Amino acid sequence: ACPQTLLRTLNGRAILETLARRGPLTRNELVTETGLSRTAVTQVLRMLESASAVAPAGVDRETRGPAAGRVALHPQLGLAAAVHVDGHAAHVVLVDPTGAVRAEHHAAFPVRGDRVEHIVDLVTACRRVVAGPLELVVVGIPGIVTADGGIRDDQGPDGGAFKNALSAGLACPVRVENDVNLAALAELTAGTGAELASFALLLLDDGLGAGIVIDGILHRGFSGVAGEVMYLPQTPLPVGAPVLGDDVVRDLALGNGRDPELTIDQHLDAAAAGDPAAIAMATEMGRRLTLVAGSIALVLDPEAFILSGSAAHPAMLDAVADYAEQLAPQLPLRFVVSSFGPEAPLVGAAGEAASALRATVFARLLPKSDRSGR
């Protein structure tokens with residue numbers, strides 16, 4: 001590419017990213033935000049308008065001086081889907097390049113139905129609400145996801161049956177991510193973790209997982225195993241036994257004379273209401289969670305631990321705080337609460353989907369504009 005083409009592309013990306021982040025802006029505001037000259041902004045906007053990448057978005061009548069027209073990303077640039085899958089249900093949102101949620105559907109998986117078909121149906125229902133091409137999908141799942149987006153133990157000749165079936169069903173690229181890693185990215189981008197240099201997010205749902213951020217970067221590990229803390233050894237549990245999760249809580253319930261079919265949150269609700277057996281369960285769960293945090297701290301020494309999902313339940317917070325106080329003289333640990341609660345993985349998926357959508361749309365728009373402008 002010639003220098004002028006490269007410059008146009010870089011300036012175009014800067015303006016599109018600014019409009020995606022800030023919303024409609026005047027030319028003067030774009031000059032201030034991007035640091036580009038007024039001439040450069042005018043030239044790039046002309047190029048982007050001809051490519052239908054931006055569109056007029058009203059007039060600024062609040063600023064002193066003559067009224068100035070605002071521009072915004074074109075509303076029909078495209079859509080991306082973010083999906084959070086857990087053991088029981090799928091939650092789908094459609095986002096535009098600004099990251100705004102345009103449609104949403106959530107439904108439990110049918111008892112004997114196909115999970116891919118269920119997700120496709122939810123995405124299709126969302127697309128009936130808002131027009132525009134679906135460019136890509138980001139899916140958060142529990143379990144180990146390799147660096148190339150493969151799912152550990154996924155069946156099929158290439159080990160990618162779920163991803164390939166979903167991509168075929170929706171006729172667009174699909175990216176698979178670990179749900180706890182997505183929750184950590186949500187915190188890093190727009191939550192509690194944005195102010196932390198390093199942290200470990202501990203999410204308790206069906207199981208316990210960690211999303212690890214070091215120096216502002218998500219640490220996935222060589223094979224995607226980083227953060228599988230549910231199997232960290234704890235005395236007197238045998239190596240490889242789960243430390244915390246649905247199966248563990250069922251056993252704790254039986255040992256404490258409570259209904260093993262209740263959810264983790266139902267036991268924690270009972271503990272918060274003063275039930276002695278539930279308090280005993282919460283105390284043991286808090287002890288195990290705090291020991292997991294201690295093990296991570298001795299290796300990585302993060303600035304703080306962000307508690308998410310059921311780990312952020314008030315009864316769990318109390319239990320963790322009590323046990324952490326006992327450890328404090330030898331190993332001080334700092335705990336904070338997630339900004340997003342149970343929705344953290346979906347928030348992370350939506351953020352990643354919007355970011356990937358912008359990259360896809362910009363890559364398609366800018367080279368086309370450059371060819372036409374030479």
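For reference, positions follow the sequence shown, starting with 1. Because the structure is a prediction, the values reported are computed rather than measured.
- Among all heavy-atom pairs drawn from Ser310 and Asp265, the shortest one is OG-OD1, 2.8 Å.
- When every heavy atom of Val229 is checked against every heavy atom of Ala210, the shortest pair comes out as CG1-CB, 3.8 Å.
- With hydrogens and angles disregarded, a donor-acceptor distance shorter than 3.5 Å links the side chain of Ser198 to the backbone of Glu303.
- Side-chain atoms of His91 and Glu104, non-hydrogen and from C-beta on, do get closer than 4.5 Å to each other.
- Between Glu135 and Leu77 the shortest heavy-atom distance is OE2-O, 4.1 Å.
- Counting only N and O atoms by type, the side chains of Asp269 and His313 include a donor and acceptor under 3.5 Å apart.
- In terms of heavy atoms, Ala344 sits closest to Ala186 at O-CB, 3.6 Å.
- With contacts defined as side-chain heavy-atom distances shorter than 4.5 Å, the pair Thr290/Phe335 qualifies.
- Among residues two or more places apart in sequence or in another chain, the salt bridge (charged side-chain N to carboxylate O under 4.0 Å, His left out) test is passed with Asp96 by Arg102.
- Looking only at side-chain heavy atoms (C-beta outward), Leu134 and Leu94 come within less than 4.5 Å of each other.
- In this structure the side chain of Leu289 never reaches within 4.5 angstrom of the side chain of Tyr323, judged on heavy atoms.
- Under a 3.5 Å cut-off, the side chain of Thr189 and the backbone N or O of Gly348 do not form any donor-acceptor pair.
- No donor-acceptor pair closer than 3.5 Å links the side chain of Glu187 to the backbone N or O of Ser338.
- Proximity of Gln234 to Val292: side-chain heavy atoms (C-beta onward) are separated by under 4.5 Å at one or more points.
- Closest approach of Ala253 to Asp259, counting heavy atoms only: CB-O, 3.9 Å.
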Please lay out, stage by stage, how Glu284 and Arg287 fare under the test salt bridge (charged side-chain N to carboxylate O under 4.0 Å, His left out). CA-CA 5 Å; Glu284 176 60 15; Arg287 183 187 75 85; 3.0 Å; yes
